[in-house]
Amino acid sequence: MPELPEVETIVRDLEPRLTGRILRAPRLFKPDVLRRVSPRRLLATLARNRIEQVTRRAKHVVLRFKSGHRMVVQPGMTGNLLVYDRPLTAPERRYVVFLSKLDGKATFVYRDVRRLGRVWLLDEAGWRSYTARIGPEPLAPEFDAVAFAARFRGTRQAVKKALMDQQRLAGVGNIYANEALFRAGIDPSRPANRLGPVALANLHREVRAVLGEAIAAQGTTLRDYRTGTGRRGGFQFALHVYGRGGQPCPRCGTILQTTHLIDGRATTFCWRCQRGP
DNA sequence: ACGAGGTCCTGCGAGC
DNA sequence: TGCTCGCAGGACCTCG
C-alpha cells in the first residue's frame, strides 16, 4: 500500500533519524527481496558506511551513502521502515527483512510481512538509469497541467491504468488513482487519449490535491502501513471511494460500484458522477 | 503497442 | 472448530 504519500511520510520520519548515521553490523534475514545484488555485496558495502541523504523517489525510499551507493527500498504492500531507540520486542522482530544497528543505540529496521517489497543497491550509474526509467514526480513544482497532459496524450489505455503506470507518472497506486478520478469526475475506464483539456486539467489538479492531503494526514493505513515512527496514518478516514463499493456516493448518493475490469485491480467509482464530458 | 493473465508472498475472512 | 479458498496489491514477466 505504500504509495507516494506513505513513502513521503516514512522518509520525513527517517530523514532526521538516519542522516549522518553509520550502519553497524547490518543483517539481512530475507535475501529474496534483493534485486541485482548479492547479500554478501550488500552487507559488505553498507557496513560502516555513513548515510548522507534520505529521500523519496516515486514509491521508493532512497538512502544515499558516503561511498556513493544508494540503497533503494520499495516497501511493496506491507513493508515498514522504522528506527527504534530501544531493543525490539519479539513481535517486532517477526518479518524483519533487513536490520542494522546505528552508531549509538538506535536500530534501523525494514519489516515486510508479504515480502512484495524489493531492495536494490545501486552505484551512481545504476541510479541514473534506474531513476530515468521512472516518470516525473507529480508534486514537483514544475509539473504543471501541460506537462501532465503530455504524459497521457499518446495512449488508449484506460486512464486509471495510465495513472498507475510508474513510467508515465511516479508514485500513484490504486488508492489514490481511484480517489483522484472520483474527485475529477472522470470514468476510470476512459481511454487516456480521449480526455479533453478540461478533464486533464481537473485530473492534474486532483491528483496533486489528493496526494498533498494524504501527506498532510501522514498516509492511509488500511492494515499494515505505519509511518517511520510506527504510527498509523489518518487519510483512511478521508477516502471518498476506495474500499467503499456498495456504499452511497458521498456526492450524489448513488451506490458506488466496484469492478476488477481495469488491469485486474479493484476500481470503485460512481457511474453517475464519473461520466466524462 | 496493447491486453490478458501468471507469479510472487502471507494473513485474513468467508463459507462449508 | 477446522479446513479450503479467494482476495488484497505493485512490479515484472510471457504470450498472443
Side-chain angles (χ1 to χ4, degrees), chain A residues 1-8 10 28-37 56-62 72-81 91-98 110-120 122 126 129-135 137-138 151-181 188-194 207 211 214 219-226 232-233 235-236 239 241-246 256-269:
Chain A
M1 231 136 285
E3 302 181 28
L4 187 155
E6 290 74 33
V7 178
E8 180 65 26
I10 290 168
L28 181 72
F29 296 88
K30 307 287 183 183
D32 56 337
V33 303
L34 294 187
R35 287 298 175 272
R36 299 187 193 99
V37 61
R56 178 189 61 74
R57 173 76 171 114
K59 306 172 188 175
H60 308 139
V61 176
V62 183
V72 177
V73 181
Q74 173 202 326
M77 198 169 121
T78 57
N80 306 139
L81 290 110
E92 287 165 349
R93 279 196 296 270
R94 283 197 84 187
Y95 310 115
V96 168
V97 169
F98 172 90
Y110 168 41
R111 295 175 77 246
D112 194 341
V113 173
R114 290 178 218 180
R115 293 207 306 288
L116 293 173
R118 298 290 175 250
V119 173
W120 293 262
L122 303 171
S129 70
Y130 189 83
T131 193
R133 283 194 294 271
I134 304 172
E137 288 290 331
R151 307 298 295 179
F152 294 90
R153 194 160 290 145
T155 181
R156 285 174 295 180
Q157 282 182 344
V159 58
K160 177 167 179 257
K161 183 167 160 63
L163 265 182
M164 295 169 62
D165 178 351
Q166 298 302 295
Q167 297 194 40
R168 204 173 288 284
L169 185 66
V172 177
N174 200 33
I175 295 174
Y176 299 109
N178 275 294
E179 294 298 307
L181 287 161
S189 66
R190 201 135 183 254
N193 65 356
R194 288 189 48 219
V207 164
L211 294 176
T220 300
T221 297
L222 297 174
R223 185 191 303 268
D224 297 286
Y225 161 69
R226 297 292 184 275
R232 286 177 163 80
F235 199 69
Q236 61 275 17
L239 297 174
V241 290
Y242 181 86
R244 302 178 67 91
L256 297 171
Q257 308 289 309
T258 297
T259 84
H260 289 79
L261 292 176
I262 303 169
D263 207 27
R265 300 213 162 71
T267 300
T268 303
F269 65 103

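Please read these numbers as outputs of a predicted model, since none were measured by experiment. Chain identifiers are assigned alphabetically (A, B, ...) following the order of the sequence lines, protein sequences preceding nucleic acid strands; residue numbering begins at 1 within each chain.
Side-chain proximity of Glu3(A) to the nucleotides dA8(C), dG10(C), dG11(B) is greatest for dG10(C). In this structure, of dG11(B), dC12(C), dG3(B), it is dC12(C) that holds the atom nearest to the side chain of Trp120(A). Comparing dC9(B), dG11(B), dG10(C) by their nearest atom to the side chain of Tyr95(A) picks out dG11(B). The listed nucleotides are dC9(B), dC2(B), dA8(C); the one nearest the side chain of Met77(A) is dA8(C). Between dC9(B), dA8(C), dG10(C), one nucleotide has an atom nearer to the side chain of Ala266(A) than all others, and that is dA8(C). When the nucleotides dA8(C), dG11(B), dC9(B) are ranked by their closest atom to the side chain of His260(A), dA8(C) comes out on top. Which of dC8(B), dC2(B), dA11(C) sits closest to the side chain of Arg156(A) comes down to dC2(B).
The CD atom of Gln166(A) sits 13 Å away from the C1' atom of dC12(C) (whole-angstrom rounding). Spacing between atom CG of Asp263(A) and atom C1' of dG3(B) amounts to 9 Å, rounded to whole angstrom units. Atom P of nucleotide dA11(C) and atom CZ of Arg133(A) are separated by 14 Å, given to the nearest angstrom. Between Arg223(A) atom CZ and dT10(B) atom C1' the separation is 10 Å, expressed in whole Å. Rounded to a whole Å, the CZ atom of Arg114(A) is 19 Å from the P atom of dT7(B). Between the CD atom of Gln236(A) and the P atom of dA8(C) there is a distance of 19 Å, given to the nearest Å. What separates OH of Tyr225(A) from P of dG11(B) is a distance of 22 Å, to the nearest Å. The CZ atom of Phe29(A) sits 19 Å away from the C1' atom of dC9(B) (whole-angstrom rounding).
Note on His60(A): nothing from the nucleic acid sits closer than 4.0 angstrom, heavy atoms only.
Between Thr155(A) and dC2(B) there is a side-chain polar atom (N or O) within less than 4.0 angstrom of OP1 or OP2. For dC2(B), the OP1/OP2 oxygens have no side-chain nitrogen or oxygen of Lys161(A) closer than 4.0 Å. Taking 4.0 angstrom as the limit, Gln74(A) places none of its side-chain polar atoms (N or O) nearer than this to OP1 or OP2 of dG10(C).
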task: For salt bridge (Lys or Arg N to Asp or Glu O under 4.0 Å), just list the numbers for Asp112(A) and Lys30(A), CA-CA rounded to whole Å, side-chain angles, deciding distance to a tenth of an Å, and then say yes or no.
output: CA-CA 9 Å; Asp112(A) 194 341; Lys30(A) 307 287 183 183; over 6 Å; no
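Pro138(A) places a side-chain heavy atom less than 4.5 Å from the side chain of Leu4(A).
Going from atom CG of Leu222(A) over to atom CE of Met77(A) covers 8.5 Å, rounded to the nearest 0.5 Å.
For Arg265(A) and dG10(C), a side-chain-to-base donor-acceptor distance below 3.5 Å is present, hydrogens and geometry of angles not being considered.
Within 6.0 Å of the CZ atom in Arg35(A), the count of heavy atoms belonging to other residues, nucleotides or ligands exceeds 12.
Judged by distance alone, the side chain of Gln236(A) and the main-chain N or O of Thr221(A) form a donor-acceptor pair under 3.5 Å.
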